[in-house]
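Please read the structure below before turning to the comments.
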Amino acid sequence: MSMIQKLDDLHKEFQGQIAGLTNQADVLNLKADYLGKKGKVSEILKSLKDASAEERKELGPKANTIKDSMQEMVQDKLTSIELEEINQKLAQDKIDITYTNSVKETGIHHGGVHPRTLIQQEIEDIFLSMGFDILDGPHIEDEFHNFEALNIPGDHPARDMQDTFWFDDPESPEGRKHLLRTHTSTIQVRGMMSRKPPFRFIAPGTVFRCERTDASHEMVFNQLEGMMVGENVSVANLIYFMKTILTEIFKKEVEVRLRPGFFPFVEPGFELDIKCLICSGKGCSVCKHTGWVELLPCGMVHPNVLKAGGIDTEKYNGFAFGLGMDRLVMMKYGIEDIRHLQSGDLRFNSQFKTF
Ligand code: PHE
């Protein structure tokens with residue numbers, strides 16, 4: 001049989017074999033069998049030296065054409081296998097846009113998002129867009145982080161303002177008694193110690209106080225702490241940030257005012273009020289007919305607190321605030337009793353965003 005004939009046969013044989021393959025590894029193996037250094041095509045070409053001059057002239061180009069054609073077949077096959085895989089994947093991952101999760105149609109109850117989570121996510125987005133980081137901290141704290149570093153020494157009356165859940169801690173080293181944090185200001189301390197000014201962060205979290213509960217008091221509630229430290233930070237900066245954030249949260253221009261407020265870790269300290277959104281300041285039961293609603297305590301960070309956080313008070317100062325998340329949720333959704341938030345009652349929870 002002439003070599004040309006042999007090559008043609010190989011070509012056909014290859015064509016037949018590759019047609020039946022369905023995975024890439026087999027295709028590559030077949031390619032090696034024919035086109036590899038020791039492959040069938042190379043073997044034939046090796047005997048080229050025995051061929052006549054005339055045959056050689058014809059054989060060279062013919063061999064190249066056949067090799068090219070085989071390469072092309074390999075490429076086409078690999079592409080079609082890949083396409084097939086993608087199509088299969090797409091078919092499996094198909095999204096059923098007619099899918100419904102309504103309880104009526106599926107009989108399945110789906111979870112929802114707690115209103116507190118909804119507002120927290122919204123507030124986090126606003127602060128992130130203003131360059132704030134989001135920090136976290138432990139629920140179980142020691143006296144240092146909850147009190148001392150915040151300018152509240154052992155005998156300070158302010159400790160009574162925050163009725164504390166203490167742990168029985170007979171083995172703790174002297175003075176380092178453990179407690180459930182009474183406020184998220186603990187994270188101010190951790191934040192200051194872990195970064196260099198200038199910085200700004202918020203820290204949302206659950207806090208605990210040993211209090212009698214009523215419509216506006218819970219033992220477990222949520223705050224969102226905020227802190228900004230830098231050069232020449234002023235009360236005007238504080239007011240600007242608060243006003244901008246509250247306007248975003250309530251989706252309308254809010255008016256704010258500051259009243260003096262006492263917290264050992266800020267000096268001066270303020271209570272920030274907003275003009276009542278229910279009655280626009282005319283006076284109603286929500287604002288107790290004053291036209292203003294107390295919303296968040298804040299102030300310029302006390303130098304003792306900055307020092308405890310390792311910050312150079314000659315160069316830097318800052319502001320801090322503590323947003324009462326639960327009150328904000330209540331204001332935004334018109335909830336009249338804080339205890340609903342923790343009740344776990346599905347009739348309450350399912351009124352908010354569900355999946
Ligand atoms: N930590 C204070 C509280 O829980 C709130 C606060 C935070 C006040 C920051 C001023 C500045 O009562």
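What's counted below: heavy atoms across the whole structure, side chains too, no hydrogens, waters or symmetry copies. When a ligand or atom number is given, it counts from 1 through the structure's own listing order.
Comment: D312 does not engage K307 in a salt bridge, judged by the lack of any side-chain N to carboxylate O separation of less than 4.0 angstrom. Taking a cutoff of 4.0 Å between a charged side-chain nitrogen and a carboxylate oxygen, R116 and D326 qualify as a salt bridge. Between E13 and K6 there is no salt bridge, since no side-chain N of the basic residue sits under 4.0 Å from a carboxylate O of the acidic one. A salt bridge links D273 and R257; the closest N-O separation between the charged side-chain nitrogens and carboxylate oxygens is under 4.0 Å. A salt bridge between D214 and R339 is absent, with no side-chain N of the basic residue lying under 4.0 Å from a carboxylate O of the acidic one.
Only the side chain of F265 comes within 4.0 Å of ligand 1, counting heavy atoms alone; its backbone N, CA, C and O stay farther away. Counting heavy atoms closer than 4.0 Å to ligand 1, residue H302 contributes nothing at all.
Near Q223, the atoms of ligand 1 lying under 4.0 angstrom from a non-hydrogen atom of the residue are 3 (C), 4 (O). Taking every non-hydrogen atom of R209 and a distance limit under 4.0 Å, the qualifying atoms of ligand 1 come out as 3 (C), 4 (O), 12 (O).
Every N/O-N/O distance between Q188 and ligand 1 stays at or above 3.5 Å. Annotation: E225 places no N or O atom under 3.5 Å from an N or O atom of ligand 1; distance criterion only. Between S185 and ligand 1, at least one N/O pair is under 3.5 Å apart.
Within the structure, the salt bridge (charged side-chain N to carboxylate O under 4.0 Å, His left out) test picks out no pair touching residues 215-236 (sequence neighbours left out).
Under a 4.0 angstrom heavy-atom cut-off, G299 registers as lying outside contact with ligand 1.
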